Amino acid sequence: MEKNDFIRNRIREDVAQGTLEQGVITRFPPEPNGYLHIGHAKSICLNFGVANEFGGKTFLRFDDTNPLKEDDEFVDAIQDDVRWLGFEWDDRLTYASDYFQQLFDFAVQLIKDGKAYVCSQTPDEMRVGRGTLTEPGVNSPYRGRSVEENLVLFEGMRAGEFADGEHVLRARIDMSSPNINLRDPVFYRIRNIHHQRTGDTWCIYPMYDYTHCVCDALEQISHSLCTLEFADHRPLYNWVLENINSNYHPPQIEFSRLGLEYTVMSKRFLAQLVADGVVSGWDDPRMPTIAGLRRRGIPASAIRDFCDRIGVTKQDNTVEMGLLDFCVRTQLEPAAPRGMAVLEPLKVTLTNYPDQGGEEAGEWVDGVWHQQNDELGTRKLHFGPTLYIERSDFEEVPPKKYKRLSPGEMVRLRYGYIIRCDEVIKNAAGEVVELRCFYAPDSKSGSDTSGLKPKGVVHWVSASEGIPALVREYGYLFTVAQPDKNDMAATLNADSMVEHTAFVEPAVVASDAARFQFERQGYYYRDPLGLSADVQDDTPVFNRIVTLRDSYKPTQG
RNA sequence: UGGGGUGUCGCCAAGUGGUAAGGCACCAGGUUUUGAUCCUGGCAUUCGCAGGUUCGAUCCCUGCCACCCCAGCCA
């Protein structure tokens, strides 16, 4: 179905009017100072999506104008993430730093045209001079420097004759503009620092407002899409392109950024979580980063679907996590093989199960990998006299309409037999530690002649053949839907990860599928990193991707 | 109390002069050896508020209100 958000409508109009000589060209311009998060995914899906839909192209352009904050680690991670999301840029991988020389030449011309000047105020002086939201700024005392002096000074800046902060290059626009961005914005600052890509070639670096629009023009971007907070910068974007010798002037179009409940989309804060060790890294499965979502097991297709469903507008929005969950389940439901795992084991002993002696006890029963998808085939499950069921599947005093096990009641063990709870064994503390049950030998799944009507179906794992595994359940990073941006640590969820020593059926562990549905529980992903880098252990680790939808509401009594 | 942006169901989001799409969530039924999936039905007399124009307004006009963004030599 054709999407009809305001941006695509606009592009459709431009295409219809035939004003786009090169076709639709977009760009995704991340700064390599952190990992991408799901908010970036919205922008990626928009930029690459639009280009794909209109037969155009998209540049992946790293905005590397501030060597103080940027790192190659992020350049690599960002490429991995975009690729993983399913998008390609072919040979259109660029860096703002590719254009440093051209940016410099344009700046020299601006100086010659009297449109820019070298300012030698201190940062404090400049801040005061800029005025406030309600008061106009005042002209810098250096605003009147001659073109010649500016040229000499700017060349000196480039030549490394000055210390950091001694001078900046400013645009000469309007210190009394109601738009603060137009009050003689800084275009170049001195940074005597090594740049990841240009090394020591430069010691002056251009600012975003000056760089971004020029790069867009040089790459002949047809539509420069960005988030709402840059709307105030649009007049400056336009000013630059109107005042340099450029024959290309892309329109900047702003859309609102993505808000997601129970998490935060601030790179600064996410970096803090990593630095503080609150999470294991940028790819911790609790993080809203692309790398985190990937390691949690969320398929890229689910993220793309999510981005399609949330749409693109200029309205502030905070999307419920439930929508992402829905998208994940939608992808996994038809595809993920089913398996059984018991997270909190409760021992069940079948008192009348034939004693075959020692380790020979038990039998192998058949189970399909997917009830609705025969192509996934079948697997064998071990059934024996000692089993584990989920603790939560037993209640001594069951609520009304309880469809699980309780004293005197029967349930079917999925793919196995019907059992009846005859005896509840407790420890000294009064905790239930074992159920002694009768099993109906003629109730085997698929050939049931018992005529019994169990209350429900329950998952289980053979005690002798089940494989111990570490299962990690992930919750929200925050305890409140909308964390306070000024005090995010206050509402951090201390229990955002719960670990279980679970028992998993052997066929699941042996399978090379990456994602499973553990029946009646949720979707799980075999963590590719395993237990940890420094622990040599074969224990399988499963991350819970998302729970199954659950409409069970325990009733009173 | 400067500038920019936004207000349509709990959350997203179409519609923009002809009498409120869709998705998620939720509720009620049906199927079911996953309380899952699947299927069926329900879910805004009302579009931030108040006036005005009009035969008719969510859509046009006026005024108000609320929320978001902006005072980095960050992006």
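Quick caveat, the model's predicted, so the values are computed rather than measured. Below, chain A is the first sequence line, B the second, and so on; all start at residue 1.
The side chain of A:Asn317 sits closest to B:A13 out of B:A14, B:A13, B:A71. Of the candidate nucleotides B:C70, B:G72, B:G35, B:G72 has the atom lying nearest to any side-chain atom of A:Arg127. With B:A36, B:C73, B:G2 as the candidates, the nucleotide lying closest to the side chain of A:Pro123 is B:C73. Picking from B:G4, B:U33, B:G35 the nucleotide with the shortest atom distance to the side chain of A:Ala231 gives B:G4. Among the nucleotides B:C12, B:A75, B:C69, the one closest to the side chain of A:Thr318 is B:C12. The nucleotide whose nearest atom lies closest to any side-chain atom of A:Gln371 is, among B:G15, B:U37, B:U33, B:U33. Picking from B:G15, B:C69, B:C74 the nucleotide with the shortest atom distance to the side chain of A:Asn9 gives B:G15. Distances from the side chain of A:Pro178 to the nucleotides B:G3, B:A71, B:A13 place B:G3 closest. Minimum atom distance to the side chain of A:Thr313 is reached by B:A13, of the listed B:C74, B:C27, B:A13. For A:Gln517, the listed nucleotide lying nearest its side chain is B:U34; candidates were B:C73, B:U34, B:A36.
Between B:G5 and A:Arg257, no contact under 4.0 Å exists linking OP1 or OP2 to a side-chain N or O. Side-chain N/O atoms of A:Gln372 include none lying less than 4.0 angstrom from OP1 or OP2 on B:U32. Phosphate proximity of B:C73 to A:Arg191: absent, as no side-chain N or O sits under 4.0 Å from OP1 or OP2. One finds no side-chain N or O of A:Thr122 lying less than 4.0 angstrom from the OP1 or OP2 phosphate oxygen of B:C73. A close approach under 4.0 Å does occur between a side-chain nitrogen or oxygen of A:Gln315 and OP1 or OP2 of B:A13. For B:G35, one of the phosphate oxygens OP1 or OP2 lies less than 4.0 angstrom from a side-chain nitrogen or oxygen of A:Arg520. Contact annotation: A:Arg130 reaches the phosphate of B:C73 (side-chain N/O to OP1 or OP2, under 4.0 Å).
Side-chain atoms of A:Arg170 and A:Gln121 include a donor-acceptor pair closer than 3.5 Å. Between A:Arg27 and A:Thr94, the side chains place no donor N or O within less than 3.5 Å of an acceptor N or O (distance only, hydrogens not considered). Between the side chains of A:Tyr476 and A:Glu261, no donor-acceptor pair is found at a separation under 3.5 Å. For the 3.5 Å distance criterion, the side chains of A:Asn66 and A:Arg191 qualify, holding a donor opposite an acceptor. Remark: the A:Glu135 side chain and the A:Thr132 side chain contain an N/O donor-acceptor pair separated by less than 3.5 Å. If you check the side chains of A:Ser392 and A:Glu390, you find no donor sitting under 3.5 Å from an acceptor.
Taking the centre and axis of the six-membered ring of A:Tyr552, the NZ or CZ atom of A:Arg404 falls inside the cone set by 45° and 6.0 Å. Cation-pi check for A:Arg158 over A:Trp202 is met; the charged atom lies under 6.0 angstrom from the ring centroid and within 45 degrees of its normal.
As judged by a 4.0 angstrom heavy-atom cut-off over every strand, A:Phe518 is placed among residues making no nucleic acid contact. Among the protein residues, A:Thr132 comes within range of the nucleic acid bases, having at least one heavy atom under 4.0 Å from a base atom. Contacts of A:Val319 with the nucleic acid, taken as non-hydrogen atoms under 4.0 Å apart, involve only primed sugar atoms and P, OP1 or OP2. Nucleic acid contact for A:Glu166: none, since no nucleic acid atom lies under 4.0 Å from a heavy atom of the residue. A:Ser177 comes within 4.0 angstrom of no nucleic acid atom, judged by non-hydrogen atoms across all strands. Residue-level contact check: A:Gly456 touches neither bases nor backbone, having no heavy atom under 4.0 Å from any strand. Using a 4.0 Å heavy-atom criterion, one finds that A:Arg412 contacts the bases of the nucleic acid, with or without backbone contacts as well. Among the protein residues, A:Arg309 comes within range of the sugar-phosphate backbone only, with heavy atoms under 4.0 Å from sugar or phosphate atoms but none that close to a base. Among the atoms of the strands shown, only primed sugar atoms or phosphate atoms (P, OP1, OP2) are found under 4.0 Å from some heavy atom of A:Ile310. Backbone-only engagement by A:Glu229 is indicated by non-hydrogen atom pairs under 4.0 Å involving sugar-phosphate atoms exclusively. Within 4.0 Å of A:Asp232, counting heavy atoms only, lies at least one base atom of the nucleic acid. Among the protein residues, A:Lys314 comes within range of the sugar-phosphate backbone only, with heavy atoms under 4.0 Å from sugar or phosphate atoms but none that close to a base.
Between B:U53 and B:U58, the two P atoms lie 15 Å apart (nearest whole Å). Between B:A75 and B:G42, the distance separating the two C1' atoms is 48 Å to the nearest Å. Nucleotides B:A20 and B:U8 have their C1' atoms positioned 8 Å apart, rounded to a whole Å. A gap of 36 Å separates the P atoms of B:A66 and B:G23, to the nearest Å. Separating the C1' atom of B:A13 from that of B:U6 is a span of 14 Å, rounded to the nearest Å. Going from the C1' atom of B:G22 to that of B:A44 covers 14 Å, rounded to whole Å. Look at the C1' atom in both B:G52 and B:C69: the space between them is 32 Å, to the nearest Å. Distance check on atom C1': B:U16 versus B:G56 gives 15 Å, rounded to whole Å.
One atom, OH of A:Tyr205, and another, C1' of B:A75, lie 17 Å apart when rounded to the nearest Å. Rounded to an integer number of Å, the gap from A:Met175 CE to B:A71 P is 14 Å. Rounded to a whole Å, the CZ atom of A:Arg515 is 24 Å from the P atom of B:A36. Distance A:Arg27 CZ to B:A75 P: 15 Å, rounded to the nearest Å. For the pair A:Tyr523 OH and B:U34 P, the computed distance is 13 Å after rounding to whole Å. To the nearest angstrom, P of B:A75 lies 16 Å from CZ of A:Phe74. B:C73 atom P lies 16 Å from atom OH of A:Tyr208, rounded to whole Å. Taking atom CZ of A:Phe230 as the reference point, atom C1' of B:A75 lies 5 Å away to the nearest angstrom.
Nearest-nucleotide positions on RNA chain B place A:Lys42 closer to the 5' end than the other of A:Arg189 and A:Lys42. Toward the 5' end of RNA chain B, the nearer of the two residues A:Ser445 and A:Phe6, judged by each one's closest nucleotide, is A:Phe6.
For B:G4, the base is anti relative to its sugar; the glycosidic angle deviates from 0 by more than 90°.
In this structure B:G2 sits in a base pair with B:C70, meeting the Watson-Crick or G-U test at under 3.5 Å. Base-pair partner of B:U16: not found among the strands shown (Watson-Crick or G-U wobble, both distances under 3.5 Å). In this structure, B:U53 forms no base pair with any nucleotide, since neither Watson-Crick nor G-U wobble geometry is met with both distances under 3.5 Å. Base pairing of B:U58: no nucleotide in any strand meets the Watson-Crick or G-U wobble criterion (both distances under 3.5 Å).
When the options A:Arg143, A:Arg130, A:Arg172, A:Lys115 are evaluated for a salt bridge (charged side-chain N to carboxylate O under 4.0 Å, His left out) with A:Asp184, the one that passes is A:Arg143.
In this structure, A:His40 and A:Asp81 have side chains that are not in contact, with every pair of non-hydrogen atoms separated by 4.5 Å or more.
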